[in-house]
Protein chains: 2
Amino acid sequence: MALKYALLGLLTKNEATGYELNQQFKETMIHFWSAHHTQIYRQLVKMEEEGLVSSQVVHQVDYPDKKVYRLEDKGYEMLLQWLFSKEILPSTLKDDLLLRVSLFQLIPADEAIAFLERAKEQHMFGLGLMEKWRDSHFPEGEFNQEDLGEYLTSEFGQRYMQHWIEWCDWAIQVIKRTKEKGSDVK
Amino acid sequence: MALKYALLGLLTKNEATGYELNQQFKETMIHFWSAHHTQIYRQLVKMEEEGLVSSQVVHQVDYPDKKVYRLEDKGYEMLLQWLFSKEILPSTLKDDLLLRVSLFQLIPADEAIAFLERAKEQHMFGLGLMEKWRDSHFPEGEFNQEDLGEYLTSEFGQRYMQHWIEWCDWAIQVIKRTKEKGSDVK
DNA sequence: CTGTACATGTAACGCGTTACATGATTGG
DNA sequence: CCAATCATGTAACGCGTTACATGTACAG
C-alpha cells in the first residue's frame with residue numbers, strides 16, 4: 001500500500017508524468033525507498049480508477065505524447081488520513097548483503113574481508129552521492145519549510161551510509177583479530 | 001531468491017522443521033531480515049522439489065506430526081556458489097516510517113514531533129531486546145567461530161537501532177527550531 | 001475456560017523484478 | 001554509427017501479506 005502514498009506525496013508538490021515520478025523516486029526517495037518504473041505505471045492506472053488522481057494526455061511534436069497526472073481532492077484526503085492515523089511499527093531491514101555476512105563462518109576469512117571492503121566502497125560511493133545532492137539542495141544546511149521532509153530523510157540516508165561504513169571497519173577488525181588467534185579460537 | 005539462501009543457511013547449522021525455521025528467523029535474523037511462516041513453508045516445498053533439501057515426517061504421540069528438513073549436498077553447493085559469486089550491490093532501504101517523515105511538511109509540527117517520539121520509543125524497545133539477546137548469546141563479547149555471522153549481524157542491528165534513535169533526537173531538534181522561528185521561515 | 005504454544009498448511013491478492021516492445025531525438 | 005534519453009507500457013513470474021483452517025496439550 002505504501003507505494004500509493006509515496007506517489008500521492010510526490011504529486012502534492014507538482015503534477016507529473018509517470019516518467020517524471022520515476023526520476024523523482026530515483027533522486028529524492030533513494031534515501032529510504034525504491035520502485036521500478038513498471039510498478040509506478042501500474043499503480044498510477046489503479047489510482048486513476050479509484051479517483052485519487054486524474055490524467056491528461058499532452059501531445060508533443062518532437063517527442064512522444066505524455067500523460068500528466070494530477071492529485072485529486074480524494075487522493076489528498078486519503079494521504080492525510082494515512083499520515084495521521086496509521087500506527088507506528090518499528091522498521092525492519094531486509095538486506096542481501098547482511099544475509100551473506102550472517103553466513104561468513106562458511107567462507108575463508110580473506111574472502112569475508114574482501115567482501116566487506118567492497119561493501120564499504122559501495123557505501124562510501126553512495127555517501128558521496130548523497131553529500132553532493134545535499135550540498136546542491138540545501139547549501140549551508142538551509143531549507144524551506146516545504147522541503148522539511150526531504151531535509152530530514154536525506155540526513156537519515158547520509159547517517160545510514162556512515163553507519164554502514166563504520167560497521168564495515170569494525171567487522172573487518174573483528175575478523176582480522178580472530179584470524180590472528182588462529183585455530184585456538186572456536 | 002534470497003529467502004532460499006537464508007533457509008539453506010539456517011539448515012547448515014541443524015536440520016529443522018518449518019516451524020523451527022520460522023522461530024529462528026524471528027530470533028536471529030530479526031537483525032536484518034523478516035519472513036512469514038507461510039512463505040517459509042511454500043519455499044521449503046519448492047526447495048525439496050529442486051533437490052536442495054530433503055524431508056522426513058516424524059510421528060509424534062502427543063503432538064501433531066512434524067516434517068524435518070535436512071540440507072542436501074546440492075543445496076549446500078548452491079549456497080556456497082551464491083556466497084562466493086554474486087556481485088555486491090549497495091543496500092537499499094524501504095521504510096514506511098521514513099516515507100511518512102518525507103511528507104512532514106503536510107502536517108503540524110506538534111504531530112511530527114509526537115510521531116518521532118513514538119518512533120524513538122519503538123526503536124529503543126527494539127534496541128533493548130537486541131542487547132538482551134546479545135548478552136545471553138555472547139556474554140563478554142565472546143563468540144565461537146561457528147557463530148561469526150550472527151555476531152557480526154547482531155552488532156549491525158544494534159548499531160542500526162542506535163542510529164535511528166540518534167536521528168530521531170536530531171530531527172526533533174530541527175523541527176523545534178523551525179517552530180521557534182515561526183512564520184518567518186519559508 | 002481461555003489463551004498460548006505446538007505444527008502445518010491453503011487461498012487470494014498485491015507488490016517487486018526482469019524481460020520485452022516501440023520509436024523518435026540528441027550527443028559523442 | 002552507437003548509446004543515451006525521452007516516454008509509455010505489457011507479460012510473466014516470484015515474493016510478501018493477510019485471512020482462514022485444523023487440532024492437541026498445558027498453564028493460569
Query raised in the report: Should the heavy atoms of other residues, nucleotides or ligands under 6.0 Å from CD of A:Glu87 be counted, would the total exceed 12?
Result: yes
**Report entry** salt bridge (charged side-chain N to carboxylate O under 4.0 Å, His left out) contacts in which one or both residues fall within residues 105-117 of chain B, not counting sequence neighbours
**Finding:** B:Asp110-B:Lys179
Query - Pairs touching residues 17-34 of chain B that satisfy salt bridge (charged side-chain N to carboxylate O under 4.0 Å, His left out), sequence neighbours left out - result: none
Requested in this report: Output every pair passing side chain to side chain donor-acceptor pair (under 3.5 Å) with a member in residues 39-50 of chain A, not counting sequence neighbours, ordered by first then second residue.
Outcome: A:Glu48-A:Ser55
Query raised in the report: Once you build an axis from the first five pairs and another from the last five of the helix from C:dC1-D:dG28 to C:dG28-D:dC1, how far apart in angle are they, to 10 degrees?
Result: 40°
Report summary line: Taken in chain and number order and not counting sequence neighbours, the residues that satisfy salt bridge (charged side-chain N to carboxylate O under 4.0 Å, His left out) with A:Asp169 are A:Lys120
Report task. Indicate for each nucleotide in nucleotides 11-19 of chain D, in 5' to 3' sequence, whether protein heavy atoms under 4.0 Å reach the base (B), only the sugar-phosphate (S), or nothing (-). Result -> ----SBBBB
Report summary line: Per the under-4.0 Å heavy-atom filter, residues of residues 5-25 of chain A near DNA chain D come out as A:Thr17, A:Gly18, A:Tyr19
Report task. Could you list who else is in B:Val58's hydrophobic cluster, with ILVMFWY side chains joined at under 4.5 Å, directly or through other members? Result -> B:Val68
Query raised in the report: Does anything in residues 94-135 of chain A pair up under ring pair (Phe, Tyr, Trp, His ring centres under 6.0 Å), and if so which pairs, sequence neighbours excluded?
Result: A:His31-A:Trp133, A:Phe104-A:Phe115, A:His123-A:Trp164, A:Trp133-A:His137, A:Trp133-A:Phe138
**Report entry** Pairs where residues 69-92 of chain B contributes a residue and the test ring pair (Phe, Tyr, Trp, His ring centres under 6.0 Å) is met, not counting sequence neighbours
**Finding:** B:Tyr5-B:Trp82
Query - B:Lys26 NZ - C:dA7 P separation (whole Å) - result: 13 Å
Report task. To the nearest Å, give me how far apart OH (B:Tyr41) and P (C:dT8) are. Result -> 4 Å
Report summary line: side chain to side chain donor-acceptor pair (under 3.5 Å) filter on B:Arg134, not counting sequence neighbours, yields B:Ser154, B:Glu155
Report task. Using the test side chain to side chain contact (heavy atoms under 4.5 Å, CB included), find all partners of B:Lys74 that sit at least two apart in sequence or belong to another chain. Result -> B:Leu52
